[in-house]
Amino acid sequence: MAYKKIDYINLMEKVLTAYSTEQIIGFFDEVKKVGLYEHGFPRLTANIGILIAYGKRRDLTDLFIKMMDFCCENIPKVKAANDFSVREIIASINALEKTDFIDKNKINEWNKNLAAIIPETCYNAVAKSEEDKVNNWAIFSAVSEYFRTKKGLCDTSNFIDTQLSSQFKRIDEENMYMDNEESDVHQPFVYDLVPRGLFSLLLFEGYRGKYYEKIDNILRYAGLNTLKMQSVTGELPFGGRSNQFLHNEAWLAAIFEYEAIRYKKEGDLKLASIFKKHANKAIKVIEYWLSETPISHIKNKFPIDTQFGCENYAYFNKYMITTASFLYAALSICDESIEECEEEITSASYLTSYHFHKLFVKKHGYALEFDLNADPHYEANGLGRVHKEGAPSAICISMPCAEKPEYINNLENAFPLSICAGIKDRDNGGYIFATGENTGYKVIDFADDFALIETEINGKKVRSKYILKENGVEINSEAEGEFAFLLPAFHFDGRDYTDISLENNVLKINYRGHSCVYKTNGNIKENQKLSANRNGLYKSYIIDAENSLNIKIEIINRI
């Protein structure tokens, strides 16, 4: 059964329950004191308005009107990440205008204030010409201005096209968006997803300007590949900033809802229903995490005030409500007449451009994601994701552990951690593992059910074949002389500890009624060191081998 618009609204309402009325009032008091400084408060305001329009949370009506008055009066006067806020505030007004619940004179007052916006002074990121290269905020401002123009508050068509043009220089050869300005590589997946989601919303809302065909082609090409990159659990790929937050899958759903409409219009109802199915898989990820108590904005169970796994900018007040905001984009695009089918993309493989440096392989209910050139501030090289459909994502590993992550955790990581090969360090008798920048990864061959990868560490090569089977993932590795493999063992999610056992070279991790089992013909030993990623804490184990090694990974769904 496909998600309907009311299902999206119910999830948005669930997001808002993470904020008590006292918290909302406290947030408002803070903003009144210091002024608008970013988009978290307008985003919260807009989503309360949308819920009120749908007959929800009308207990907040009086407070909401005061919040909306404040936003609409101040947005035209100060630069406060309005690039994000204007679209969302107008979307809220549009929803309220369809009801008779809010006085029309009040709505007209809000519209009048927003009509006074001067884009060049209102928005933070502004391309002055089509030759400029501006960050992704320019897409937000373009969509915000399109919403103002469509509403009849202005006509800024030239401004919109100028902002859009500035973004095409960031599109790679695979039609993915490159956000990282500091490097040609290490492009973050969330910041590919969000611009494409905004492009989708822009076209859905009716943009047919000079760049319509260019944007449409980007979305068509990248949309099909996004199906391949989505995990069997429904999740966005790991990689870079702002990852592992609940809002990740909301934009994923929006993109898939848009592509479902595309293929319905073209008469390909099967592909339309497949995209609908994958939108639903993404939403189920959010639905699961919203069922947890207390509700958090990130995929772990650490106390919210620890900000475990969060960048400094990714605090609760901003990123929790962002989930609802992005869900509303998916709701807006959702075509309820398209039903999901049983068929989905269960077998796929995809190698991104070198800008994103990821390899994806999925079949038999398993999904693997390799990082071939990791950003050391966020991940590590190697096999960084092993997912099994129906099992907790973190039970094997959902993303690597970086050595010095640019997000908050509660320990100093012992070392970067992924599933990867290592060679003897002749200086200290330990191993050097292929997690860092001193290692090279070469993809020899791959298909839906295998990946053949050669790893080079200090001149020594290890060749490994990763094979997906119905009973798990098999790794067969070869090297000259002594080498090793590094294994993660999920230890703590912030609330619950796993049960880890090692006996007769069988390493087993039990978690939430499921098991992850490593078996090998090598010798497994515990490393006695902890590393963390955004999901929690991991112990590490090492397998000693000589010349060849076989490892089997099976995730058993026991419930």
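Keep in mind the model is a prediction, meaning the values are calculated, not measured.
Ring pair Y19/F316: centre-to-centre distance below 6.0 Å. Between F28 and F41, the ring centre distance stays below 6.0 Å. For an aromatic pair to be called close, the ring centres must be under 6.0 Å apart, and H186 with H357 satisfies this. Within the 6.0 Å centre-distance limit, the rings of F189 and F356 are counted as a close aromatic pair.
Between the side chain of N409 and the backbone N or O of G309 there is no donor-acceptor pair closer than 3.5 Å. Proximity of a side-chain donor or acceptor of Y221 to a complementary backbone N or O of N225 within less than 3.5 Å is not detected. Distance alone, capped at 3.5 Å, places no donor-acceptor pair between the N94 side chain and the I89 backbone. With hydrogens and angles disregarded, a donor-acceptor distance shorter than 3.5 Å links the side chain of Q163 to the backbone of A127. Checking side-chain atoms of E257 against main-chain N and O of A279 turns up no donor-acceptor pair under 3.5 Å. No donor-acceptor pair under 3.5 Å is formed between the side chain of N113 and the backbone N or O of W110. In terms of modelled atom types and a separation under 3.5 Å, the side chain of D155 and the main chain of S157 share a donor-acceptor contact. For the pair R170 (side chain) and V134 (backbone), a donor-acceptor distance under 3.5 Å is present. Panel note: side chain S144, backbone D83; a donor-acceptor pair is recorded below 3.5 Å.
Annotation: side chain of N136 is not in contact with side chain of V194 (no heavy-atom distance under 4.5 Å). Contact of the Y378 side chain with the F238 side chain is not registered, since no non-hydrogen atoms from C-beta on lie closer than 4.5 Å. Under the 4.5 Å side-chain criterion, counting only non-hydrogen atoms from C-beta, S325 is in contact with R87. Looking only at side-chain heavy atoms (C-beta outward), K79 and L36 stay at 4.5 Å or farther from each other. D493 places none of its side-chain heavy atoms less than 4.5 Å from the side chain of N535. Put simply, the side chain of M178 does not reach to within 4.5 Å of the side chain of I171, judged on heavy atoms. Counting only heavy atoms from C-beta outward, the side chains of I321 and L16 approach each other to under 4.5 Å. Looking at C334 and Y8, their side chains come closer than 4.5 Å, going by heavy atoms from C-beta outward.
Using a 4.0 Å cut-off between charged nitrogen and carboxylate oxygen, D179 and R241 count as a salt-bridge pair.
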Could you check L246 against Y319 for side-chain contact (heavy atoms from CB on, under 4.5 Å), going step by step and ending with a plain yes or no? CA-CA 8 Å; L246 273 61; Y319 263 19; over 6 Å; no
Mind running side-chain contact (heavy atoms from CB on, under 4.5 Å) on I93 and M68 for me, showing each step along the way? CA-CA 10 Å; I93 294 172; M68 188 68 112; 3.9 Å; yes
Assess whether side-chain contact (heavy atoms from CB on, under 4.5 Å) is satisfied between Y407 and Q307, documenting all intermediate values. CA-CA 9 Å; Y407 52 81; Q307 287 192 260; over 6 Å; no
Begin with the C-alpha distance, continue with both residues' side-chain angles, and end with the deciding distance and a verdict on side-chain contact (heavy atoms from CB on, under 4.5 Å) for Y315 and C310. CA-CA 7 Å; Y315 48 88; C310 303; over 6 Å; no
For E173 and S353, run side-chain hydrogen bond (donor to acceptor under 3.5 Å, both in side chains): C-alpha distance rounded to whole Å, both residues' side-chain angles, the deciding distance at 0.1 Å, then the answer. CA-CA 7 Å; E173 52 266 42; S353 73; 4.6 Å; no
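Using bins of under 30°, 30° to 60° and over 60° for the plane-to-plane angle, the ring pair F245/H297 lands in the tilted bin. F84 and H39 have parallel rings, their planes meeting at less than 30° on a 0 to 90° scale where 60° marks the start of perpendicular.
Between the side chains of S85 and R43, not a single donor N or O lies within less than 3.5 Å of an accepting N or O. A donor-acceptor pair shorter than 3.5 Å can be found between the side chains of N10 and K56.
For E182, there are no salt bridge (Lys or Arg N to Asp or Glu O under 4.0 Å) partners, not counting sequence neighbours.
For E213, the CD atom is loosely surrounded, since the number of other residues' heavy atoms within 6.0 Å does not exceed 12.
In this structure, the separation between CD on E174 and OH on Y354 is 12.5 Å, given to the nearest 0.5 Å. In this structure, the separation between NE2 on H278 and CG on L252 is 10.0 Å, given to the nearest 0.5 Å.
The two residues P119 and E145 make their nearest non-hydrogen contact at CG-OE1, 3.4 Å.
Among residues at least two apart or in separate chains, salt bridge (Lys or Arg N to Asp or Glu O under 4.0 Å) pairs with a member in residues 310-327 are E311-R534.
With K281 as reference, E344 is the one residue of E344, E249, Q230 to meet the side chain to side chain donor-acceptor pair (under 3.5 Å) rule. Test N373, D184, D172 against H355 for side chain to side chain donor-acceptor pair (under 3.5 Å) and you get one pass: D184.
Both the sub-6.0 Å distance and the 45° axial angle are not jointly satisfied by K358 relative to the ring of F370. In this structure, R58 forms a cation-pi arrangement with F101, its terminal cationic atom sitting closer than 6.0 Å to the ring centre and no more than 45° off the ring axis.
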